[in-house]
Amino acid sequence: MKKIVILGSTGSIGTQTLEIVRYHKDIQVTALAARSNIALLEAQAREFLPDMVCVWEEEKAKELAGKLKDLQVKVCAGMEGLLEAASMERADMVVTAVVGMIGIRPTIAAIKAGKDIALANKETLVTAGHLIMPLAEKAGVKIYPVDSEHSAIFQSLKGEDAARISRILLTASGGPFRGRTREQMRDVKPEDALKHPNWSMGRKITIDSATMVNKGLEVMEARWLFGVDFDRIEVVVQPQSVIHSMVEFADGGIIAQLGTPDMKLPIQYALYEKERKDLPGARLDFGTLGKITFETPDFTNFPGLALAYQAGRAGGSVPTVFNAANEWAVSRFLDGKIGFLAITDMIEEAMENHRMIAHPTVEQILDCEAETYELLRVKA
Ligand code: NDP
Ligand code: MG
């Protein structure tokens with residue numbers, strides 16, 4: 001029986017991963033981790049009986065340990081707990097479904113311990129891809145993308161020669177503000193930005209979709225996962241979110257993956273290492289759908305996408321600054337402290353103020369993150 005660890009089990013990706021485990025009944029969960037939602041974590045521990053549960057917040061971990069006294073489960077806390085869960089001996093695969101750069105160290109620990117990775121936590125690859133990809137290769141560890149676009153690319157590459165890719169066509173819905181000018185987005189509130197037209201996801205990524213920063217992160221994620229340079233990664237706006245991404249090959253042929261917007265397919269495809277298993281759920285009906293439309297992305301009103309290409313091309317520590325500034329700004333926006341447009345303004349400002357390190361270590365990446373937060377702290 002396959003054994004998995006889920007980091008971020010109480011979130012959008014984490015809970016959908018557990019839905020798949022519940023449905024197929026042939027995967028064993030050996031560890032679960034979350035930040036603070038111990039009510040859900042307790043219920044998950046009782047249902048899936050992992051060996052270990054990890055809670056980021058120390059006080060909450062103590063509280064959960066009390067609640068789970070009757071179970072044979074170890075309760076851990078903080079980064080130490082995440083690292084222990086990520087590298088636990090019994091596991092075969094780690095699902096990285098935490099949000100943000102907090103995932104870097106646990107992902108590296110999992111790879112070093114020889115675990116395959118089902119990677120949802122894109123911020124980790126964006127900021128530390130230059131360390132993670134060679135490490136995974138050296139350890140003989142596979143990285144299975146969970147992000148729907150990257151899974152679509154991965155599915156389109158099955159049986160193909162990746163060396164014959166001519167372009168990756170990364171599709172984007174355009175988010176809730178597609179077609180608006182910056183001026184028309186000036187006063188949008190978190191509740192407006194949290195209304196994604198097609199996908200139901202965690203709060204941070206939903207805001208990233210509204211700014212198009214998510215697509216920028218995905219461009220950088222694709223660069224690491226598929227080893228193509230930025231000139232060959234193109235964003236195509238496809239508002240219906242039916243085509244999840246496409247690959248064009250040297251002969252001009254394009255292979256795409258289509259389906260309803262449901263993260264369970266890419267999660268399952270990663271968990272089962274490219275095996276096509278049953279998955280109940282809505283199916284595409286082309287008669288009802290009628291049409292699929294395409295647009296070019298609006299780099300002017302959505303500068304987050306242009307800044308992401310700039311950060312990705314610069315490389316080194318610049319993607320870390322891009323990502324850290326975004327994480328900072330999104331949390332301030334969600335707290336009502338800054339306006340929507342300030343998110344990408346802050347990213348730009350942080351990138352302008354940064355002196356690049358060409359090949360940052362994990363410590364340097366985390367220092368850059370802290371420096372970026374410090375720079376922006378005075379603003380909001
Ligand atoms: P959510 O906000 O829904 O969930 C985040 C999860 O991470 C929660 O379980 C949360 O715990 C946990 N977490 C946060 N901080 C810590 C911490 N310091 N230590 C331990 N656990 C922590 O996010 P999503 O599921 O939407 O996204 C997860 C990742 O997947 C992101 O990187 C996102 O970009 C990516 N992704 C998500 C998609 C989606 O459809 N949701 C699609 C493609 C990619 P708690 O509940 O206690 O706060
Ligand atoms: Mg995506």
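Counting starts at 1 for both ligands and their atoms, following the listed order.
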**Student:** Taking the six-membered ring where the residue is Trp, are the ring centres of F340 and F333 under 6.0 Å apart?
**Tutor:**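 F340 vs F333: aromatic centres under 6.0 Å.
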**Student:** Report, as a single number, the protein N, O or S atoms less than 2.8 Å from the Mg ion (ligand 2).
**Tutor:** 3
**Student:** Please list all pairs passing the salt bridge (Lys or Arg N to Asp or Glu O under 4.0 Å) test where one or both residues lie in residues 283-302, with sequence neighbours left out.
**Tutor:**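 Checked against salt bridge (Lys or Arg N to Asp or Glu O under 4.0 Å) - neighbours excluded - the pairs reaching residues 283-302 are R178-E295.
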**Student:** With a 4.0 Å cut-off on N to O distance, would you call K277 and D26 a salt bridge?
**Tutor:** yes
**Student:** Following the transitive rule for hydrophobic clusters with a side-chain heavy-atom cut-off under 4.5 Å over Ile, Leu, Val, Met, Phe, Trp and Tyr, establish whether I292 and W199 coincide in one cluster.
**Tutor:** no
**Student:** K264 vs D262, test: salt bridge (Lys or Arg N to Asp or Glu O under 4.0 Å). Steps then yes/no.
**Tutor:** CA-CA 5 Å; K264 286 198 286 302; D262 181 353; 3.5 Å; yes
**Student:** Answer yes or no: are there more than 12 heavy-atom neighbours, outside K337 itself, under 6.0 Å from its atom NZ?
**Tutor:**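 Incorrect, the count does not exceed 12.
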**Student:** Between the side chains of S166 and E248, is a donor N or O closer than 3.5 angstrom to an acceptor N or O?
**Tutor:**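 Their side chains do contain a donor-acceptor pair, which is all the 3.5 Å distance test asks for.
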**Student:** Under a 3.5 Å threshold, I'd like every N/O contact between ligand 1 and protein atoms, with atom names and distance.
**Tutor:**
| unit_1 | atom_1 | unit_2 | atom_2 | d |
| --- | --- | --- | --- | --- |
| ligand 1 | 3 (O) | S12 | N | 2.9 |
| ligand 1 | 9 (O) | G8 | O | 3.3 |
| ligand 1 | 9 (O) | T10 | N | 3.2 |
| ligand 1 | 9 (O) | T10 | OG1 | 2.7 |
| ligand 1 | 9 (O) | G11 | N | 3.0 |
| ligand 1 | 11 (O) | T10 | OG1 | 3.2 |
| ligand 1 | 11 (O) | R35 | N | 3.0 |
| ligand 1 | 21 (N) | R35 | N | 3.3 |
| ligand 1 | 25 (O) | S12 | N | 3.2 |
| ligand 1 | 25 (O) | I13 | N | 2.9 |
| ligand 1 | 26 (O) | G202 | N | 2.9 |
| ligand 1 | 30 (O) | A120 | O | 3.4 |
| ligand 1 | 32 (O) | E123 | OE1 | 2.6 |
| ligand 1 | 41 (N) | S12 | OG | 3.0 |
| ligand 1 | 46 (O) | T10 | OG1 | 2.6 |
| ligand 1 | 47 (O) | R35 | N | 3.1 |
| ligand 1 | 47 (O) | S36 | N | 2.7 |
| ligand 1 | 47 (O) | N37 | N | 2.8 |

**Student:** Flag the pair K62 and E59 as a salt bridge only when some basic side-chain nitrogen lies within less than 4.0 angstrom of an acidic carboxylate oxygen.
**Tutor:**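 E59 and K62: salt-bridged.
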**Student:** Using distance only, find each side-chain donor-acceptor pair of residues 125-132 under 3.5 Å and give its atom names and separation, not counting sequence neighbours.
**Tutor:**
| unit_1 | atom_1 | unit_2 | atom_2 | d |
| --- | --- | --- | --- | --- |
| T127 | OG1 | E123 | O | 2.8 |
| T127 | OG1 | T124 | O | 3.4 |
| H130 | NE2 | P360 | O | 2.8 |

